[in-house]
Amino acid sequence: MDKSKLAYTHTYGCRANVSDGEKINGMLAEMRYGFTNIQDEADLILFNTCAVRENAENKVFGNIGALIHQKRRNPDLIVIVCGCMVQQEHITEKLYKTFPFVDLIFGTHVLHKFPELLNEVIINKRRVTDISNTETITEDLPIRRESEFKADVPIMFGCDNFCSYCVVPYVRGRERSRKPNDIINEIQGLVKDNVKEVMLLGQNVNSFTPSFPELLKEIEAINGDFRITYMTSHPKDLSRNLIDVIANSEKISHHLHLPVQSGSNRILELMNRGYTVEQYESIINYARELTPLISITTDIIVGFPGETRTDFEETLSLIKKIRFDSAYTFIYSKREGTKAAELPDTVTSEEKSAWFREMLDVLAEIGDTAYERYVGKTLRVLCEGEGRTGQGQFTGKSREGVIVDFNSDNTDIIGKFVNVKIDKALKWAVLGRST
Ligand code: 5AD
Ligand code: SF4
C-alpha cells in the first residue's frame, strides 16, 4: 500500500487565521495527506501567514528561505505560502521572484480552491499563484479541528473599519456575515459531538448582520451544556443591549476582549477608531456593573505616528484606571497602503521601545493583584488537561476566561465542566480545588 504523503502546516497570527488553518488541514486530510510536526520529513510544507505586523512577515521570509536546502535534497517537496501576507501584491511579487522553489501561493479569498490549485501544481508540474478577490462565503469546507471539545466558528469575514494602521481590510476584504441558520446548524452539530466551548470569530463580531445579540440568543437556545465565547469586539459597535444579553445568559462567557488601542482621544481619532476614551470607559463600567466578575482584556499599540509623551501617558492612565486583566501590546508597525503609513513619524524606535517597556511594567504591576477578586469564589471551569503551574493536577478556563489550575478527586474530568473553589491568585492564573 502507498505510504501516505506527509504535510507540515504552520499558521501564524490571529484566530481567524487559525480557523483557516484548520480548514486547510481538513482539505489536506481529504486529499489523503497525513500530518507531521517535523518539517524535515514532510512532503508538503505550508505556511499560512499573517500580515498585521512587519516582524511576522520577516519571520515568514526567513522560514521560507531556510527551505532551500530541503528542496535541494528533495526536489519533489511542495512548498506553499498562503494567508493574509500574500494577499498583498507587492509581497507576492517579492516571494515569487526571491524563492523560485515556492510552488503555490494562494490568498485568503480562494481558500476553497486549495485542492484544485494543489492538483494543478502536482499534475502540471508548474508554479501557481491565485490571489484573486472573490468575496463569497463557502460553507461546508472540511475541518481538522485542533481540539476535541473546543471549536472555533467564524461568523463573519473581512473588516470595513479601516483603522488607519491596519492592513486587515485590504487583505481580508469587505465585511460579510454567514447566514444565522448555517451558524446554528454548525453549532448544533458540534454540541452533538460533545464540544463544550464554541468561539465565535470575526474581526468585529458586533457588526454581524442582522444582529449579534440576536445570534447569541439563538445559540444560547441550543440544547446542551456548552459555553459561548467570541472575539473580537469593537468598542464603537458594542451596544448596551449586548451586555444585557450576556448578563442574562447562562452560556455566554464573562470575558470581554475589547481592544482600546490608545488612551488618547487625539490618537484614537487619528487611528479612525470611532470612539472616545470616555465612551470606552462607560462600556466597561456598564459591563462590570452587570457582571462584576467579568474579565476585561485589550490590545494596545504604542508609538503610533505622531504620538507624543503626553498621549502615551494618557494610555498609561487609562490602563491604571481600567485595570485590565491582561493586554496584548504592540509597537506600531508601518503597513504599506494604509493611511497611517503616510503620517509623519517623529518618535525614534529607541524611545518607542522605552515607552513599550514602561507600559509592560505598569501592566505587570496590575497583573500582580488583578485576580485576587476571584479568591473565595467558586468558578465554573472547563477542564482542558493536566496542570501547568505544577500547583494543581488539572488546568482549565473559567467562564471569565481565567486560567484555573486545580486539584480534583474525580480524575475523569478532561473536556468537562467542574466547579472550582479558588483559594489563591497568581499573576496569570488562579489556584483551587473542585467542589
Ligand atoms: N502595528 C501594530 N499593531 C497593530 N495591530 C494591528 N495593526 C497593527 C500595526 N500596524 C494590532 C492591534 C489589533 C491587533 C490584532 O494587532 O492592536 O487589535
Ligand atoms: Fe484592523 Fe480595525 Fe478591522 Fe480590527 S477593526 S481588523 S484593527 S481595521
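Side chains are part of it too, since the values below use all heavy atoms of this structure and drop only hydrogens, waters and symmetry mates. Counting starts at 1 for both ligands and their atoms, following the listed order.
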Distance (rounded to the nearest 0.5 Å) between Glu358 CD and Leu316 CG: 5.5 Å
Listed pairs under 3.5 Å, donor-acceptor, residues 293-306 side chains, sequence neighbours left out:
| residue | atom | partner | partner atom | Å |
| --- | --- | --- | --- | --- |
| Ser295 | OG | Glu400 | O | 2.5 |
| Thr297 | OG1 | His255 | NE2 | 2.8 |
| Thr297 | OG1 | His257 | ND1 | 2.8 |
| Thr298 | OG1 | Leu258 | O | 2.8 |
| Thr298 | OG1 | Val260 | N | 2.8 |
| Asp299 | OD1 | His257 | NE2 | 3.0 |

Geometric class of the His10/Tyr12 ring pair [parallel <30°, tilted 30-60°, perpendicular >60°]: perpendicular
Subset of ligand 2 atoms that lie under 4.0 Å from at least one heavy atom of His234: 5 (S)
Stacked cation flag Arg240 on Tyr286, 6.0 angstrom / 45 deg: yes
Neighbouring protein N, O or S atoms of atom 1 (Fe) of ligand 2, below 2.8 Å: 1
Side-chain ion pair, Lys23 and Glu139, N-O less than 4.0 Å: no
Minimum side-chain heavy-atom gap Ile331-Trp355 below 4.5 Å: no
Within 45° cone of Phe61 ring axis and under 6.0 Å: Lys94 NZ or CZ: yes
Residues lining ligand 1 [heavy-atom distance under 4.0 Å, listed by chain and residue number]: Val52, Arg53, Tyr165, Gln261, Asp299, Ile301, Phe330, Ile331, Tyr332, Ser333, Arg335
Set of salt bridge (charged side-chain N to carboxylate O under 4.0 Å, His left out) partners for Arg15, sequence neighbours left out: Asp152
contact_flag Arg273 ligand 2 heavy-atom lt 4.0 Å: yes
Any side-chain heavy-atom pair of Gln188 and Asn185 under 4.5 Å: yes
Asn204/Asp237 under side chain to side chain contact (heavy atoms under 4.5 Å, CB included): CA gap, chis, key distance, verdict: CA-CA 8 Å; Asn204 175 5; Asp237 297 316; 2.8 Å; yes
